[in-house]
Amino acid sequence: MSNVDTVLDAAHRLQQAGTPYALVSVIKALAPASAHPGDKAVVTADGAFHGWIGGGCAQPVVLRTVRQVLADGHARLIRIAPTAEGEEKDLGDVLEFGMACHSGGTLELFVDPVLPLARLVVIGASPVAASLAQLAPRVGFAVTLVAQDADAGAYPDARQVFATDDPAVVTPQVAPGAWVVVATQGRRDLQALRLALGLGARQVSFVASARKAQVLKASLVATGENADAVQAIVAPAGYPMPATTPEEIALSVLAAVVSHRHGVEAKPAAASCCEAPAELPAMPAEKSSCCGH
């Protein structure tokens, strides 16, 4: 298998698994470096190299840089030159690292992070759930839709659709670390919340009124769910804004999820959220809500 084939095959496997990696490309190589311009490798944070970008002397610096770019999402141009080992210089457009290798040679490498799509699990078959499944992929989320008896054809933008909310079926197939929104709006609310709590989510949000959420949270705790996990459920879900239609409510909820993704906590909406599975009542203009009433 050629270098390019090895790199593409590894990149495909890592993308399918949702594993972040960096694509490292040789930009310039001065003899006696063993790599050549155009050589590439896929490198993961755990130190796996797939492809060829030079000998062992370069790999510690490359791995260190890969971990940095995967942490902050910013690509870097680096130069590895035969100077004092461990020396690092910021030359503005390039970071230069010293490497005292007997072989000598200089490498310039471009280290580009490839991060998996953020994942959003939407539980429910309500109009708000359908709107979330349609909107979220347009802002960089891979959507999994979970609803009892769901029709996959009704959610063409979702990457996965589960037609059951049975935790025994869904949980093994959903990797931890997703954002989860429960938008059941009165249909199988408790079942959906129990499923959400078992998914190892970054955050669980519930589209419901504060009063309804309080009652259901108490029921979850009473039936044995972890009290701290239940208390952490965000309800009412959504970013404080006037929202009355399912599409507007989905926008509000997604805005809050995006804020959380970037480390900014949206202030919870004070007004109650929608409960009706279809049309929502109008909201007075002076009120701000994640839903509609």
Side-chain angles (χ1 to χ4, degrees), residues 117-148 150-161 165 178-189 192-193 195-196 201-217 232-293:
L117 288 175
R119 293 176 293 114
L120 179 69
V121 178
V122 180
I123 306 177
S126 67
V128 172
S131 295
L132 279 168
Q134 183 179 38
L135 180 61
R138 286 152 178 78
V139 292
F141 286 89
V143 173
T144 296
L145 189 287
V146 180
Q148 193 69 21
D151 176 10
Y155 308 98
D157 297 301
R159 183 162 293 190
Q160 284 181 303
V161 176
D165 55 13
W179 282 265
V180 177
V181 176
V182 177
T184 41
Q185 296 183 264
R187 185 185 178 211
R188 301 174 67 85
D189 294 330
L193 288 167
L195 171 60
R202 291 175 183 251
Q203 183 187 67
V204 176
S205 301
F206 182 30
V207 180
S209 68
R211 182 185 304 171
K212 176 178 178 178
Q214 183 178 10
V215 171
L216 293 180
K217 284 184 177 184
I233 296 173
V234 177
Y239 200 86
M241 60 178 284
T244 57
T245 67
E247 294 79 11
E248 290 173 346
I249 295 163
L251 177 63
S252 164
V253 172
L254 191 56
V257 170
V258 170
S259 293
H260 187 266
R261 178 185 176 189
H262 291 289
V264 178
E265 293 298 327
K267 182 180 178 182
S272 60
C273 285
C274 57
E275 307 228 4
E279 293 186 359
L280 303 171
M283 183 182 67
E286 69 272 17
K287 291 187 179 180
S288 177
S289 169
C290 70
C291 292
H293 62 288

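Throughout, residue positions are numbered sequentially from 1 according to the sequence presented. Below, all heavy atoms of this structure are taken into account, side chains as well, without hydrogens, waters or symmetry copies.
Every side chain to side chain donor-acceptor pair (under 3.5 Å) that R188 has, sequence neighbours left out, goes to D165. Listed by chain and number, the residues in a side chain to side chain contact (heavy atoms under 4.5 Å, CB included) with A213 are F206, A235 (sequence neighbours excluded). Residues passing the salt bridge (charged side-chain N to carboxylate O under 4.0 Å, His left out) test with R187 are D149, sequence neighbours excluded.
Counting all heavy atoms, side chain and backbone alike, K212 lies closest to D189 at NZ-OD2, 2.7 Å. For the residue pair A192 and V182, the shortest heavy atom distance occurs at CB-CG1, 3.7 Å. Nearest heavy-atom pair across G124 and T184 is CA-CG2, 3.9 Å.
Within the structure, salt bridge (Lys or Arg N to Asp or Glu O under 4.0 Å) contacts touching residues 232-244 (residues at least two apart or in different chains) do not occur. Within the structure, salt bridge (Lys or Arg N to Asp or Glu O under 4.0 Å) contacts touching residues 233-246 (residues at least two apart or in different chains) do not occur.
Looking at S252, its side chain never comes within 3.5 Å of a backbone N or O of E248 through a donor-acceptor pair. S126 places a side-chain N or O within donor-acceptor distance of the main-chain N or O of A183, the cut-off being under 3.5 Å.
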Could you go through residues 152-159 and list every donor-acceptor pair under 3.5 Å that involves a side-chain atom there, pairing it with any protein atom two or more places apart or in another chain?
none

Result block: side-chain N/O donor-acceptor pairs under 3.5 angstrom for residues 130-143, not counting sequence neighbours:
| unit_1 | atom_1 | unit_2 | atom_2 | d |
| --- | --- | --- | --- | --- |
| S131 | OG | P127 | O | 3.0 |
| R138 | NH1 | Q134 | O | 2.5 |

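The only option from V258, L120, L254 that meets the side chain to side chain contact (heavy atoms under 4.5 Å, CB included) definition with W179 turns out to be L120.
In this structure the side chain of Q203 reaches within 4.5 angstrom of the side chain of V234, judged on heavy atoms. Side-chain contact between L216 and I233 is absent, with no heavy atoms from C-beta onward closer than 4.5 Å.
Put simply, CD1 on I249 and OG1 on T244 are 7.0 Å apart, with the number rounded to the nearest 0.5 Å.
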